[in-house]
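Just follow the structure's listing: the first ligand is 1, and inside any ligand the first atom is 1. Numbers here are sequence positions counted from 1.
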Amino acid sequence: MSDSEFDIVGPEAIREGRATDAYFDRTETTLRHAGKNPHVVAEVTADQFPSGEFEVLAGVKDAASLLAPLGVRVDAIPEGTLFDGGPVMRIEGNYLDFARYETSLLGFLSHASGVATAALETRVAAPESNVLSFGARHVHPSIAAMVERSALLGGLDGFSHVAAGDVLGREASGTMPHALLLCFGRGEQEDAWQAFDEAVSEDVPRVALCDTFSDEKDEVVRAAEALGDRLSGVRLDTTSSRRGDFRHIVREVRWELQTRGIDDVDIFVSGGLGPSDLRHLRDVVDGFGVGGYVSNATPVDFALDIVEIDGEAIAKRGKLSGVKEVYRTADGHHHVGLRGGEAPADSESLMEPLVRGGEVVPSFDIDAAAERALTDAAKTGFGAE
Ligand SMILES: O=P(O)(O)OC[C@H]1C[C@H](OP(=O)(O)OP(=O)(O)O)[C@H](O)[C@@H]1O
Ligand SMILES: [Zn+2]
């Protein structure tokens, strides 16, 4: 029993195959006892048939790292690709070489793909706006890097979690919490904003949180008067009990700034926002902090199913036997067919080599994957209202 500081399943357990469901231990014991370890092809699939409901594939980088040392051959559709049916990954090898890794494999793909899909929904809802991932507080700290990487892969512009930034090699960003204003006390907002301006390094934009004690309009005018042209933005995180017509509040704030000749102060909003809020506010605000809608996204319901054993097509009830290819047709839809079958006219086959000879084939670039997701979103009409 490990006496580690926190109850967290670490990378060692994942690598050793202990991050698995107990029935895979039983499976290994039983198959070894019976002298069975067939050569299989297994596919990761969410929907057997194209559903028209697209999701973003993410988590492929960690999945590749997990599978590479196992002596299996893996193909997958690239990270960031939108899919709506058929396999997203195919594993070929002796079943016992990878059986116990199913749990972690699906966990890597399911959770990250759910978060990336939610992030893309917010991205396409406000394509011109600055949208930051602020939801790390809602999830277990051990998965913050997955959440923030998936948010970037879904097209978001930045994130708030510092340690996730260490993992991703990117700078976390954010403004200031209500706790800062509270520590200076009621009526002392100017002192708080000015102390922030004096203390925080110059490269951090001066974005004042303006909704702690009094009306947003009042606090914004006071922040502008307190910081002058050092103020680069204001954040309104108006709590739901006071929110009313958030759009109207933002327009009042913009009016009070503009009537004072202040045109270069950005207005950011946050707090319980989802795609419909972003669509409703995108023409009056400059940026969004989106938290729970992205970080708390439902994982994609992937399953790993054997579809061929020793060259014979086979599948459990509810699944399609045989090794399949996935194609994207010219109209952005997907087509699933048996490997070796005829590809639809004007289609592209989506599966690419992921692991060969123990090596991960592709390099992984978050920005390229995000670009792919945005391109696919346009092709498929993803998130269109
Ligand atoms: O609601 P979500 O979409 O998850 O957004 C997460 C936002 C909202 C939250 O406000 P508070 O809970 O008031 O926290 P703080 O006082 O630190 O701003 C905090 O500012 C996060 O950045
Ligand atoms: Zn707050």
Side-chain angles (χ1 to χ4, degrees), residues 111 114-126 129-141 143-144 146-148 150-152 154-165 170-186 188-189 191-193 195-196 199-200 204-216 219-220 223 232-244 246-247 249-250 253 266-282 285-299 383:
H111 205 164
V115 173
T117 301
L120 186 64
E121 287 169 2
T122 62
R123 174 73 284 163
V124 301
S129 305
N130 187 15
V131 184
L132 300 179
S133 166
F134 274 9
R137 66 190 47 215
H138 298 299
V139 298
H140 192 287
I143 64 167
M146 178 279 287
V147 169
E148 306 292 39
S150 303
L152 294 174
L156 298 201
D157 300 292
F159 56 88
S160 63
H161 198 277
V162 176
R170 299 190 181 211
E171 200 70 28
S173 53
T175 61
M176 60 180 67
H178 291 106
L180 170 64
L181 282 300
L182 291 165
C183 288
F184 277 79
R186 182 180 305 283
E188 305 302 329
Q189 292 91 311
D191 290 354
W193 297 323
F196 180 98
V200 171
V204 175
R206 269 60 182 147
V207 179
L209 181 59
C210 293
D211 66 7
T212 308
F213 295 111
S214 68
D215 179 83
E216 292 80 2
E219 291 205 10
V220 165
S232 78
V234 293
R235 177 163 77 102
L236 309 179
D237 187 61
T238 307
T239 185
S240 53
S241 65
R242 297 291 196 285
R243 190 165 280 188
F246 207 15
R247 181 184 169 83
I249 293 172
V250 170
V253 163
D266 288 334
I267 300 176
F268 295 97
V269 294
S270 61
L273 301 177
S276 57
D277 305 300
L278 272 62
R279 272 190 286 278
H280 183 54
L281 293 164
R282 65 191 181 193
V285 307
D286 302 286
F288 298 92
V290 180
Y293 186 83
V294 172
S295 63
N296 300 354
T298 304

Note: heavy atom closest to atom 22 (O) of ligand 1, options F268, Y293, F134, F288, belongs to F134
Which residue from R137, R235, H178 reaches closest to atom 20 (O) of ligand 1 through any of its heavy atoms? R235
Out of all atoms in ligand 1, which are within 4.0 Å of some heavy atom of [X]? Include the element for each.
{"X": "G292", "result": "2 (P), 3 (O), 4 (O)"}
{"X": "P177", "result": "17 (O)"}
{"X": "H138", "result": "2 (P), 4 (O)"}

Contact between G289 and ligand 1, counting heavy atoms under 4.0 Å? no
Quick check: does [X] get an N/O under 3.5 Å from an N/O on ligand 1?
{"X": "G272", "result": "yes"}
{"X": "V290", "result": "no"}
{"X": "D237", "result": "yes"}
{"X": "M176", "result": "no"}

Of T122, V290, V124, which meets side chain to side chain contact (heavy atoms under 4.5 Å, CB included) against P275? T122
Taking every non-hydrogen atom, the tightest pair across [X] and [Y]:
{"X": "L236", "Y": "F246", "answer": "O-CZ, 3.5 Å"}
{"X": "R243", "Y": "G271", "answer": "NH1-O, 2.8 Å"}
{"X": "V207", "Y": "S232", "answer": "CG2-OG, 3.8 Å"}

Distance check, rounded to the nearest 0.5 Å: F134 atom CZ versus T175 atom OG1? 5.0 Å
With the threshold set at 4.0 Å, does a side-chain nitrogen-carboxylate oxygen contact exist between R235 and D211? no
Check: E216/T238 side-chain N/O donor and acceptor closer than 3.5 Å: yes
